[in-house]
Amino acid sequence: MTVASQRSHYLDRPQSSGLVDVIDLILDKGLVIDVYVRVSLVGIELLTIDARIVVASVDTYLRFAEAVNRLDLAQTGNSEGLPELVQGLGEKGAKSKTKGALEGAQETVKQVFGRHGDEDEEEEEEERPRRRSRTASARRERER
Amino acid sequence: MGSGTQSACYVYGVVPADTTTPEGLTGLGDPPAPVTLLPEGGIAAVVSEIPADGPLGNAHDLRSHAHVLDTLAATGTPVLPFRFGAVLADAQAVGTDLLTPAEEKFRGALEELDGWVQFTVRGSYSEERLLRDVLAARPDIADLREATRGMPEEAERHQLIRLGEMVADAVAAARSQDSQELVERLGPHAGASRRAESTTGDEAVHTSFLVRIDERLGFEQAAEELALRWADRIRLRLLGPLAPYDFAVAAVQDGGAGDEAA
């Protein structure tokens with residue numbers, strides 16, 4: 001997504017993909033190499049965790065209820081949408097704002113990926129290998 | 001690609017062998033490694049070298065993977081994107097284990113996707129507007145809301161859960177309706193569309209379209225018009241042109257099925 005195009009006031013045309021968009025495109029879509037090759041796949045540890053662990057339904061429902069109940073407290077509230085949150089993803093240590101009921105899923109993503117910001121600070125623990133983690137060379141530390 | 005034990009071969013995807021990679025295109029790693037092609041017959045793997053002993057998957061890795069594929073797609077070459085995380089031992093393994101056994105399928109899929117790119121349309125609701133719409137359209141929800149307002153959460157927890165569940169259901173219904181309208185309005189400018197399986201959070205619509213490169217402007221124009229039409233309810237964003245993440249698997253399977261049938 002590097003092609004410049006004209007922007008309209010109403011349609012967002014991000015010049016580079018937000019992390020949420022990237023995750024949704026490349027973690028569970030596209031060809032799976034295992035299908036075609038079984039021999040020499042290298043068991044590098046993948047840090048990619050399933051980013052769309054959605055909070056439990058009850059939790060979601062309760063936050064919906066809360067949101068609908070406080071509606072008229074914020075007559076002209078400007079609710080923060082996904083794009084802003086996506087930008088937050090890239091920022092190191094972005095503090096989560098648990099304000100909107102509808103933002104639950106993104107919050108989860110942020111919790112998972114917030115620590116892996118663009119600056120590539122050293123990975124911390126909690127990196128669960130998602131698949132193909134069988135590897136003798138699994139290192140927790142990345143060499144720079 | 002080096003053959004040292006310290007490096008491995010990261011595979012982004014597959015393109016026709018005569019593809020030219022844009023100059024200076026780099027991929028995963030720090031510093032980012034140059035992206036090269038490994039041709040085999042009529043196809044080529046898009047690869048770069050990575051350390052064989054480092055973990056993969058930080059934000060930079062994820063973005064780089066998508067960047068390489070989308071950059072190629074934007075040049076107009078067909079590309080079969082691989083899911084993140086495909087690593088083979090070395091260049092030889094890419095040829096013998098990956099490309100050669102599946103060359104027919106890959107070539108068929110590349111031909112099928114030649115001239116097409118993916119656009120993905122995502123939209124998020126204005127939360128307040130959405131909830132107001134729900135209350136206006138559903139007196140039963142509005143009543144329950146009145147009944148539960150101001151109640152301490154502890155006391156009426158199950159009532160609140162019920163209220164939230166009804167709102168969630170109403171939101172899901174709105175999503176279905178809006179997703180349908182999205183396809184009705186943009187579908188005529190696309191060859192195929194695919195709605196994301198799980199749409200959650202504040203997301204209103206999330207559908208990918210396979211668009212002919214020469215019909216791209218019409219598609220984008222339709223997206224602009226819909227964004228304007230929805231401006232007070234849904235904030236729409238258009239991603240693309242992208243590699244055909246949502247359509248590559250089907251294209252490869254089609255190719256394979258065709259071969260077998262023939």
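Convention: sequence-line order gives letters A, B, ...; per-chain numbering from 1.
- Judged as a salt bridge (Lys or Arg N to Asp or Glu O under 4.0 Å), and not counting sequence neighbours, the contacts of B:Arg185 are B:Glu181.
- Put simply, OH on A:Tyr10 and CD1 on B:Ile234 are 15.0 Å apart, with the number rounded to the nearest 0.5 Å.
- Contact detail for A:Ile26 and B:Leu62: the closest heavy-atom pair is CD1-O, 3.3 Å.
- With a 4.5 angstrom heavy-atom cutoff, B:Leu69 does not touch chain A via any of its atoms.
- Dense packing is recorded around CZ of B:Arg233, with more than 12 heavy atoms of other residues, nucleotides or ligands lying under 6.0 Å away.
- Of all heavy-atom pairs between A:Leu25 and B:Tyr245, the closest is O-CD2, 3.6 Å.
- Using a 4.5 Å cut-off between heavy atoms, B:Glu146 does not touch chain A at all.
- For B:Thr120, the part lying under 4.5 angstrom from a heavy atom of chain A is the side chain only.
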request  = Any chance you could lay out the side-chain contact (heavy atoms from CB on, under 4.5 Å) test for B:Phe106 and A:Leu31, step after step, and finish with the verdict?
outcome  = CA-CA 10 Å; B:Phe106 288 158; A:Leu31 302 181; 3.8 Å; yes
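- Using a cut-off of 4.0 Å between Lys/Arg side-chain N and Asp/Glu carboxylate O, A:Asp24 and B:Arg122 are scored as salt-bridged.
- B:Phe119 approaches A:Arg13 most closely through the heavy-atom pair CE2-NH2, 3.9 Å.
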message = side-chain contact (heavy atoms from CB on, under 4.5 Å) for A:Asp12 and B:Leu238? Distances and angles first, verdict last.
response = CA-CA 6 Å; A:Asp12 286 341; B:Leu238 178 62; over 6 Å; no
task = Begin from the C-alpha positions of B:Arg237 and A:Asp21 and carry the test side-chain contact (heavy atoms from CB on, under 4.5 Å) through to its verdict.
result = CA-CA 11 Å; B:Arg237 81 182 180 284; A:Asp21 292 331; 2.6 Å; yes
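- Neither the backbone nor the side chain of B:Tyr12 has a heavy atom closer than 4.5 Å to any heavy atom of chain A.
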